[in-house]
Amino acid sequence: RVASACVTGARLRVDVQGGEGDEDGGSWMGAAGEGLLKPQGYTPLLSSIDFARIIQCVTFSPDGNNIACGVGSSVELRSEHTMELKGVMKGHSQNVYSVAWNHAGSLLPSGSIDGTVRLWTPDGKEMGTLRGHSDWVKCVAWSPDGEFVASASDDKTVKIWKVA
């Protein structure tokens, strides 16, 4: 299971959590033009789908049954195994650049070029909009205790929001 992915300059790091039967996770590291170093237990591609628009971000739900994708100004919820569309969350006015499930899988913030963070339930209900950035929200993340969402923006700020 992918825990996180980060691009820094021309390098990519993907942190992998140990799954069932795995004792440890690992990291895949690579630079532009290089292949990624793969940990033991590497699993080949399980499914794929072509989208009509650019996908900016993707995250697995904690139970592994769903993925959420930032597609244009919407968040699409899809089945992990079949990639069947289960719902579309609309509310942002510009592209979504970051999504992150909470540990319970009950809340999904999305960060957008419109400078907002929107909070969604798995059934697509918008629970609120966090405003305060003056530029793109490029990254959202949860605190380990699930009480706070952090958002990072091109306005050169990180904001911590109490949501629980």
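Keep in mind that what you see is a predicted model, and the values were worked out from it rather than measured.
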Nearest atoms (heavy-atom pairs only) where S153 meets W136: OG-O, 2.6 Å
N95 side, atom CG; S74 side, atom OG - distance, nearest 0.5 Å: 9.5 Å
Membership question, hydrophobic clusters at under 4.5 Å side-chain separation (ILVMFWY): are I113 and V117 in the same one? no
Could you tell me whether a side-chain N or O of W142 sits under 3.5 Å from a main-chain N or O of A100, the two making a donor and an acceptor? yes
If you measure from CH2 on W101 to CG on D63, what distance do you get to the nearest 0.5 Å? 8.0 Å
Which heavy atom of K138 sits nearest a heavy atom of S98, and at what distance? O-CB, 3.5 Å
Taking ring pair (Phe, Tyr, Trp, His ring centres under 6.0 Å) as the test, write out the residues that go with W120, two or more places apart. none
Sequence neighbours excluded, the answer for side-chain hydrogen bond (donor to acceptor under 3.5 Å, both in side chains) partners of K162 is E147
Is there a chain of hydrophobic side chains (I, L, V, M, F, W, Y, each step under 4.5 Å between heavy atoms) that links L108 to L130? no
Considering non-hydrogen atoms only, spot the tightest contact between G115 and H133 and give its length. O-CB, 3.5 Å
Full working for side chain to side chain contact (heavy atoms under 4.5 Å, CB included) between K156 and D135: CA-CA 9 Å; K156 301 178 184 162; D135 210 338; over 6 Å; no
Closest non-hydrogen atom pair between P122 and S106, with its separation: CD-O, 3.4 Å
V137 and V158: same hydrophobic cluster, using ILVMFWY side-chain contacts below 4.5 Å? no
Grab the two heavy atoms, one from A150 and one from I160, that are nearest each other, plus how far apart they are. CB-CD1, 3.6 Å
Do the side chain of N102 and the main chain of L107 share a donor and acceptor less than 3.5 angstrom apart? yes
Would you call E80 and N66 a side-chain contact if the rule is heavy atoms closer than 4.5 Å? no
Same cluster (ILVMFWY, side-chain, under 4.5 Å), L119 and V140: yes
Linking I/L/V/M/F/W/Y whenever their side-chain heavy atoms sit closer than 4.5 Å, directly or via other members, would V163 and M127 fall into one cluster? yes
Can you see which heavy atom on S110 is nearest to which on V99, and at what distance? CB-CG1, 3.9 Å
Between the side chain of D114 and the main-chain N/O of S93, is any donor-acceptor distance below 3.5 Å? yes
Output the distance between atom OG (S73) and atom NE2 (H92), rounded to the nearest 0.5 Å. 8.5 Å
Between T116 and R131: side-chain donor-acceptor atoms closer than 3.5 Å: no
Point-to-point distance, once rounded to the nearest 0.5 Å, from NZ of K86 to CZ of R78: 11.5 Å
